[in-house]
Amino acid sequence: MIAAAQERDVIIEIGGMPIALHTDSPEFLQIIWNRYGGFVNPSAKSVFDLDVEIVPPGTLAGSIDPDGDLSVSFKGERWIIQRGDFHAELDPTLRRGRIRQTASPYAIDAAFRILHSLLLARQGGLLVHAASVVRNGRAFLFAGISGAGKTTISRLAPPDVALLTDEISYLRRDGDGYIAFGTPFAGELGKPGENVRAPLAALYLLAHGPENRIDPVSDADATRALLRCVLFFAHDPHLIGQVFDSACELVQRVPVQKLTFVPNSSVWEDIK
Amino acid sequence: MSHVYVARAREVAARRIGSELMILSARNSRLFSLNETAAAIWQGADGVTSLSEIVDQCICEGYDVDRAVALRDAQELVEGLAQHGILKVSDTPMEETA
């Protein structure tokens, strides 16, 4: 770990998408290792390079509101992402970008999520507010807004289930179907997912109820529900159209059902 | 209002899902869902065909409906969609939309 920190570079591969981080800050590299250690892949060829400049707290000033909300905009060919704790400019053509931030894991985590969502949109993939797991070699997604039960169902998972994430699921097209990848993006569970992948077998729309049951959902309702859970931040019409297409495609290719469950482990009897 | 021209906004993505036409606004990420007849109006909104002609061609020829009722419903639909910025309305023909 120390040797890697001295190299000032680290490649984080999430969803089969290696992104290289370059920084002069050993402190920040240690933060990266602590947070994304299970997703470091030194031998991967990066698809995007990110130069990270670490600045002291309170010095991001200038045009950045320290308490500002997240914004994603386009300046020519570049993507501009900023929040109170970071400012990033990314060039998707050069596959390179620069981020100024404090030595905080939350800033790079937010930047990573947005960068992945933008890169994925161009490839027919999606980031979804959903827990996901692998069981018997097949992946299952449990989508829902905050409070729907993503962390609860993750916490109830039996030992033979590999948790991909309890918060942000990572989906990429693969032939006629989709592959779900583990991510380090954790929710209330507070621990990263396993760095494994599997073909997506089903997507469940989560709901709490008095009994466990699985009900069919129309394609239109499934699309509406999925779109509510898709992470996408930019207001670019072309990219939004691609995300819309991807959501529609997924609903056509993967079974989507409503999973009502009571918060105990019996729900897993129906997920195989 | 029947002699107005309507055009689909460019900042939207529309996809047919089952019997519904779903329209996603890139401006505010709002999702709209149109039924079969509303979708027919939407598809006819090319900027150069008047609303009354769209109703005649897309609704009255295909559905058993009173023309006055169809026109009134179409006007309400257009007003609603225009308020959300996903349809443009003009007194004169506009640039044709694909």
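Below, read A as the first sequence line, B as the second, and so on, with proteins coming before strands; counting in each chain starts at 1.
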Of A:Leu227, A:Asp245, A:Thr223, A:Asp219, the largest count of non-hydrogen pairs under 4.5 angstrom with chain B goes to A:Asp245
message: For A:His208, is the NE2 atom crowded, meaning more than 12 foreign heavy atoms sit under 6.0 Å from it?
response: yes
All heavy atoms of A:Tyr178 vs all of A:Ser246, minimum pair found to be OH-O, 3.5 Å
Okay, B:Arg27 and chain A: the region with an atom under 4.5 Å from a heavy atom over there is backbone
Cut-off 4.5 Å, heavy atoms of chain A, and the answer for B:Glu20 is side chain
Honestly, the part of A:Arg224 sitting under 4.5 Å from a heavy atom of chain B is both
Determine, for A:Arg96 against A:Asp49, whether the closest basic-nitrogen to carboxylate-oxygen distance falls under 4.0 angstrom.
-> yes
On the 0 to 90° scale, with breaks at 30° and 60°, tag the A:Tyr204-A:Phe140 ring pair as parallel, tilted or perpendicular. parallel
When the 4.5 angstrom heavy-atom criterion is applied to B:Leu31 and chain A, the contacting part is side chain
In terms of heavy-atom contacts, B:Met22 and A:Ala220 come closest through CE-O, 3.0 Å
